[in-house]
There are 2 protein chains.
Amino acid sequence: MTDQETPSNELVTSVFARDCTSRAALEDVSTKWSSLALLALGEGDFRFNALRRKVEGVSEKMLSQTLQTLERDGMVTREVHSTIPPRVEYSLTALGALVAENLRTLADLLEASADGIGASRATYDEARATA
Amino acid sequence: MTDQETPSNELVTSVFARDCTSRAALEDVSTKWSSLALLALGEGDFRFNALRRKVEGVSEKMLSQTLQTLERDGMVTREVHSTIPPRVEYSLTALGALVAENLRTLADLLEASADGIGASRATYDEARATA
DNA sequence: CGGTATCCCTAAGGATACTG
DNA sequence: CAGTATCCTTAGGGATACCG
């Protein structure tokens with residue numbers, strides 16, 4: 001193997017690069033359900049079904065899958081209490097908290113801009129309809 | 001001041017709500033390609049094919065589709081110069097710039113955490129393989 | 001309760017070809 | 001150059017059923 005392609009320069013870690021860890025992580029984080037899961041956990045710890053109720057519309061399957069991915073990336077911690085009935089708590093790691101904080105800012109911005117976005121969409125759609 | 005925070009029912013614009021504009025906008029923004037497109041445009045204006053080269057791996061179809069969605073949401077401006085050959089410049093609106101700034105912070109965080117994330121994944125995968 | 005496993009269908013998305 | 005149109009394959013994701 002030639003080590004020509006990957007120099008010890010780790011700074012080449014650009015999200016624009018196809019096989020980059022950060023790009024993969026960005027995709028994991030910016031999935032339909034993962035962003036909402038992180039946002040929810042940013043407000044506190046949650047048990048599985050509580051989280052499911054919080055994130056409206058998510059199926060068991062997708063929530064489970066999403067949480068596994070986030071746990072794998074080291075953003076979410078899964079804590080199992082072997083009681084009856086079972087109790088599983090999900091919380092954010094330090095990294096997860098930072099990401100969640102960022103997403104919160106983004107969500108706030110979008111919530112505040114909701115009216116403007118709606119207006120923009122209406123204008124755009126009307127311009128296309130009036131062909 | 002005297003008034004409390006968000007007493008109005010209008011402010012129930014939560015991203016967690018199923019049919020919320022902000023949730024839809026969050027999904028539009030956090031798509032695989034849209035985040036990268038916004039990130040790229042955060043570095044300056046781009047023509048279609050230049051943008052396509054910048055965002056590695058995106059197809060013509062997806063880039064076109066992504067840009068249309070972002071334009072519709074009022075985050076991207078499309079400027080057509082009717083010359084030969086055609087010249088189309090894409091740039092960010094004020095809102096788009098704010099979103100892009102936020103995504104930049106997130107991307108920086110993930111790029112800086114890439115090693116840790118990789119390590120976390122390795123640990124997670126090994127724990128599952130070692131049954 | 002907190003999942004996993006399965007089925008199944010839709011929509012995301014890549015490749016290619018063609019147009020202004 | 002800057003797309004749109006078409007085709008076709010994959011994977012996202014919902015519903016249901018069942019296990020620890």
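Residue numbers start from 1 in every chain, and the chains themselves are labelled A, B, ... in the order their sequence lines are given, proteins ahead of strands.
Rounded to an integer number of Å, the gap from CG of B:L63 to P of C:dG14 is 11 Å. Protein atom CD of B:E60 is 10 Å distant from nucleotide atom C1' of C:dT16, rounded to whole Å. To the nearest angstrom, P of C:dC18 lies 18 Å from NZ of B:K61. As a whole-Å value, the separation of A:Y90 OH from C:dC1 C1' is 11 Å. C:dT4 atom P lies 10 Å from atom CD of A:Q65, rounded to whole Å. Per the geometry, CD1 belonging to A:I84 stands 16 Å off P belonging to C:dG3, to the nearest Å.
The residue among B:P85 and A:P86 whose nearest nucleotide of DNA chain D lies closer to the 5′ end is B:P85.
Bounding nucleotides for the chain B contact on DNA chain D, 5' to 3', at a heavy-atom distance below 4.0 Å, are D:dC1 to D:dC7.
Hydrophobic clustering (ILVMFWY, side-chain heavy atoms < 4.5 Å, transitive): B:V80 and B:L70 are in one cluster. Both B:L109 and A:F16 belong to a single network of hydrophobic side chains, linked directly or stepwise wherever heavy atoms of I, L, V, M, F, W or Y lie under 4.5 Å apart. Hydrophobic cluster membership differs between A:Y124 and B:Y90, with clusters built from Ile, Leu, Val, Met, Phe, Trp and Tyr side chains linked at under 4.5 angstrom.
Among C:dG2, C:dA17, C:dG14, the nucleotide with an atom closest to any side-chain atom of B:M62 is C:dG14.
Closest non-hydrogen pair, B:S34 versus B:D28, comes out as OG-O, 2.7 Å. Here the closest heavy-atom approach between residue A:A40 and residue A:K54 is recorded as CB-CG, 3.8 Å. Across all non-hydrogen atoms, the minimal contact from B:T93 to B:G74 is OG1-O, 2.7 Å. Across A:N102 and B:L106, no two heavy atoms sit closer than the pair ND2-N, 3.5 Å. Among all heavy-atom pairs drawn from A:V15 and A:S22, the shortest one is CG1-OG, 3.6 Å.
Residue B:Q68 is in sugar-phosphate contact alone, with no base atom involved, counting any heavy-atom pair closer than 4.0 Å across all strands shown.
Atom CD of A:E101 has 12 or fewer neighbouring heavy atoms from other residues, nucleotides or ligands inside a 6.0 Å radius.
With the end axes of the helix from C:dC1-D:dG20 to C:dG20-D:dC1 each set by five pairs, the angle from one to the other reads 50° at 10° resolution.
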Check your understanding: Passes side-chain contact (heavy atoms from CB on, under 4.5 Å), B:D45 versus B:E79? Steps please.
Key -> CA-CA 10 Å; B:D45 297 359; B:E79 199 172 348; over 6 Å; no
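A heavy atom closer than 4.0 Å to some atom of DNA chain D occurs in B:R47, B:F48, B:N49, these being the qualifying members of residues 33-54 of chain B.
Taking a cutoff of 4.0 Å between a charged side-chain nitrogen and a carboxylate oxygen, A:R23 and B:E56 do not qualify as a salt bridge.
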